[in-house]
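Structure first, then comments.
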Amino acid sequence: MSSFGDPYSLFDVKGKVALITGATGAFGAVAAKTLADAGCSLVLAAGNSQSLKEIARECSELAADVTTVNSRPDSEENCQAMVDAAVTAHGRLDILVVASGMNKVAKIDEMPLEDFTGVMDANVTQSWMLAKVATKQMKAQGEGGKIVLVSSARGLLGHPNGYTAYCASKAAVDGITRALGCELGAEGITVNAIAPTVFRSPLTAWMFEDTEQARNVRQGFLARVPKGRLGEPEDLAGPLLFLASHASDFYTGHILYADGGYTAG
């Protein structure tokens, strides 16, 4: 028998208020539905209004209290408005999930500077701004909180096909995660990152197809994945719930690789 009484209670987030940016993306939608089904009240933010309405409807059908903000976190004002929406609608903010971001792929001698700086802004600066405004709110509440950023296996590993912007941006997210883990530990605010490798999304759907190109790419990639398969969005649900709940209270500044063992080899 566990000495914790009910060990499942460690993962209980019922009644918590979560802000999810990039809520219409592959991981953002999984995060939204996972936390909705777990009993959180949600603020969902994204730039695509129609897709935002759809994910909000799906979460409402899971009995979640949902508020939407149709904007991207591309300014401090927009980031503050997202946190303000959580406080106005639900009285507080307990969990921040930053699932927004982008990638631009080109060899370094062919990549325009604006593409590089755009990726860095979307993945690094916007993560930092969201963490900043969420931290202020969580400190004011005085009860700690959970900040979950999204990194990638490419924050640890390079890539030969034009990933300088993406790899640099995700390595920077890792740095923010570690620094804030140290900075906010005494405040009871944990800061961690989920770092997936390839998982099913609109951008990677072609890799899952039964075509010669897809089979060849999969074969080469899966030779380095001990689990022997590509990731599914659902593979990110468990790690997210762990990082958003009391189960991870002693974990901060960590990068949790959801990669089937890819970075272990």
Side-chain angles (χ1 to χ4, degrees), residues 19-32 44-48 51-52 69 71-80 82-83 95-108 110-135 146-181 183-184 191-199 201-204 231 233 236 239-240 243 253-259 262-263:
L19 165 61
I20 302 167
T21 67
T24 59
F27 175 59
V30 169
L44 305 180
N48 186 314
S51 297
L52 183 59
V69 180
S71 69
R72 293 182 172 87
D74 51 9
S75 69
E76 285 195 277
E77 291 75 17
N78 282 355
C79 293
Q80 186 63 57
M82 293 172 187
V83 171
I95 301 162
L96 169 66
V97 181
V98 181
S100 48
M102 71 160 64
N103 189 15
K104 298 278 188 178
V105 178
K107 294 300 180 80
I108 190 168
E110 299 171 357
M111 177 175 279
L113 176 60
E114 57 267 26
D115 284 0
F116 180 85
T117 57
V119 171
M120 295 298 287
D121 179 66
N123 296 349
V124 183
T125 305
Q126 293 178 24
S127 293
W128 183 88
M129 288 192 298
L130 283 161
K132 175 182 177 179
V133 295
T135 293
K146 300 285 180 175
I147 296 176
V148 182
L149 305 181
V150 176
S151 183
S152 167
R154 295 300 158 200
L156 178 67
L157 303 172
H159 194 285
N161 294 325
Y163 272 59
T164 53
Y166 191 73
C167 290
S169 71
K170 293 305 182 179
V173 169
D174 292 353
I176 290 172
T177 300
R178 295 186 180 103
L180 285 182
E183 183 176 322
L184 299 177
V191 185
N192 296 287
I194 293 178
T197 185
V198 176
F199 71 99
S201 74
L203 292 177
T204 63
L236 306 177
L240 171 67
L243 294 180
H254 286 287
I255 318 301
L256 181 54
Y257 293 100
D259 64 356
Y262 179 68
T263 56

- Query: Between His254 and Asn192, which heavy-atom pair has the shortest distance, and what is it?
  - Reply: N-OD1, 3.0 Å

- Message: Once rounded to the nearest 0.5 Å, what's the spacing between atom OG1 of Thr197 and atom CG of Leu156?
- Response: 11.0 Å

- Query: Which atoms form the tightest heavy-atom contact between Val191 and Gly181, and what is the distance?
  - Reply: CB-N, 4.1 Å

- Query: Which atom pair, heavy atoms only, marks the closest approach of Leu44 to Leu52?
  - Reply: O-CD1, 3.7 Å

- Message: Ignoring hydrogens, what is the shortest heavy-atom contact between Val173 and Leu149? Give both atom names and the distance.
- Response: CG1-CB, 4.0 Å

- Determine the minimum heavy-atom distance between Tyr257 and Ser152, stating which atoms define it. CE2-O, 4.2 Å

- Query: When the ring planes of Tyr166 and Tyr163 are compared, do they come out parallel, tilted or perpendicular, using 30° and 60° as the limits?
  - Reply: perpendicular

- Interatomic distance, CD1@Ile20 vs CE@Met82, rounded to 0.5 Å, equals 12.5 Å

- Contact check, side chains of Ile194 and Leu236, non-hydrogen atoms, under 4.5 Å: yes

- Query: Which atom names give the shortest non-hydrogen contact between Leu130 and Pro73, and what distance separates them?
  - Reply: CD1-CB, 3.6 Å

- CE (Met129) and OG (Ser75) are apart, to the nearest 0.5 Å, by 6.5 Å

- If you measure from CG on Leu113 to OG1 on Thr117, what distance do you get to the nearest 0.5 Å? 5.0 Å

- Query: When you measure from the side chain of Lys146 to the backbone N and O of Val97, does any donor-acceptor pair fall under 3.5 Å?
  - Reply: no

- Query: Can any side-chain N or O of Asn123 pair as donor or acceptor with the backbone N or O of Met102 at less than 3.5 Å?
  - Reply: yes

- Calculate, to the nearest 0.5 Å, the distance between atoms NZ and CG belonging to Lys107 and Asn161 respectively. 6.0 Å

- Item | Crowding at CZ, Arg154 (>12 non-hydrogen neighbours, <6.0 Å) | yes

- Item | Residue pair Ser151 / Thr177, side-chain heavy-atom distance below 4.5 Å | no

- Message: Ignoring hydrogens and geometry beyond distance, is a side-chain donor-acceptor pair present between Gln126 and Asp121 at under 3.5 Å?
- Response: yes

- Note on the structure: The reported gap from CD1 in Ile147 to OG1 in Thr135 (rounded to nearest 0.5 angstrom) is 4.0 Å

